Amino acid sequence: MNTLVAVAIAPVGVGDELKEYVADVVRVIRESGLSCRTNSMFTEIEGEWGDVMRVVKDATFVLAERGIRTEVVLKADIRPGFENMMERKVRVVDEILDQE
């Protein structure tokens, strides 16, 4: 079943600069082969439920397995019968705005 998630995975208690840790997490997600897009606060991942959740777990554990306390914020949209929602949702809103 197609699933779109927005996930933020970050270390806790490792100092003020997190960019190297975040890069490790995003690398796992991008190498998964699933559709994904990273912005300043979240990475969106789209695919089948089990595949998406596996990637979220793998990306989380890239930090946790190094003994780093890891925080995960996740929002999921499960919409049977729909695909490419990461692009489609934005396109539909843009179309409405372009008509104004």
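Owing to the predicted nature of the structure, the values given are computational and were not obtained by experimental measurement.
The minimum heavy-atom distance linking Leu63 with Tyr21 is given by the pair CD2-CD2, 3.9 Å. Across every non-hydrogen atom of Val25 and Ala59, the tightest pair is CG2-O, 3.7 Å. Shown here for Ile68 and Pro11, the closest heavy-atom pair between the two residues is CG2-CB, 3.5 Å. Of all non-hydrogen atoms in Ile29 and Ser32, the two that sit nearest each other are O-OG, 2.6 Å.
Grouping Ile, Leu, Val, Met, Phe, Trp and Tyr by side-chain contacts under 4.5 Å, direct or through others, puts Val73 with Met41, Phe42.
At a threshold of 4.5 Å between side-chain heavy atoms, the hydrophobic network of Ile, Leu, Val, Met, Phe, Trp and Tyr places Leu18 and Ile9 in one connected group. Linking Ile, Leu, Val, Met, Phe, Trp and Tyr whenever their side-chain heavy atoms come within less than 4.5 Å puts Val62 and Val52 in one cluster. Note on Val55: it does not cluster hydrophobically with Met85, by side-chain heavy-atom contacts below 4.5 Å among ILVMFWY residues. Cluster annotation: Trp49 is not connected to Met86 through the hydrophobic network of ILVMFWY side chains, with a link wherever side-chain heavy atoms come within less than 4.5 Å. Using a 4.5 Å cut-off between side-chain heavy atoms of Ile, Leu, Val, Met, Phe, Trp and Tyr, with links allowed through other members, Leu4 and Met53 fall into different hydrophobic clusters.
Shown here are the side chain to side chain donor-acceptor pair (under 3.5 Å) partners of Arg37, two or more places apart in sequence or in another chain: Glu44, Glu87. Taking the side chain to side chain donor-acceptor pair (under 3.5 Å) definition, one finds that Thr43 meets it with Thr38, sequence neighbours left out.
From Gln99, atom CD reaches atom CG of Leu97 across 9.0 Å, with rounding to the nearest 0.5 Å.
Pairs engaging residues 68-85 under the salt bridge (charged side-chain N to carboxylate O under 4.0 Å, His left out) rule: Asp77-Lys89 [sequence neighbours left out]. The list of side chain to side chain donor-acceptor pair (under 3.5 Å) pairs with a residue in residues 52-67, not counting sequence neighbours, reads Asp24-Arg66. Pairs passing the salt bridge (charged side-chain N to carboxylate O under 4.0 Å, His left out) check and including a residue from residues 6-21, sequence neighbours excluded, do not occur.
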Kindly indicate, with the supporting measurements, whether the criterion side-chain contact (heavy atoms from CB on, under 4.5 Å) is fulfilled by Val92 and Val90. CA-CA 6 Å; Val92 170; Val90 176; over 6 Å; no
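Counting heavy atoms from C-beta on, the side chains of Val26 and Val28 never come closer than 4.5 Å. A 4.5 Å side-chain heavy-atom check between Leu34 and Asp51 finds at least one atom pair inside the cut-off.
There is a side-chain donor-acceptor pair under 3.5 Å between Asn2 and Glu46.
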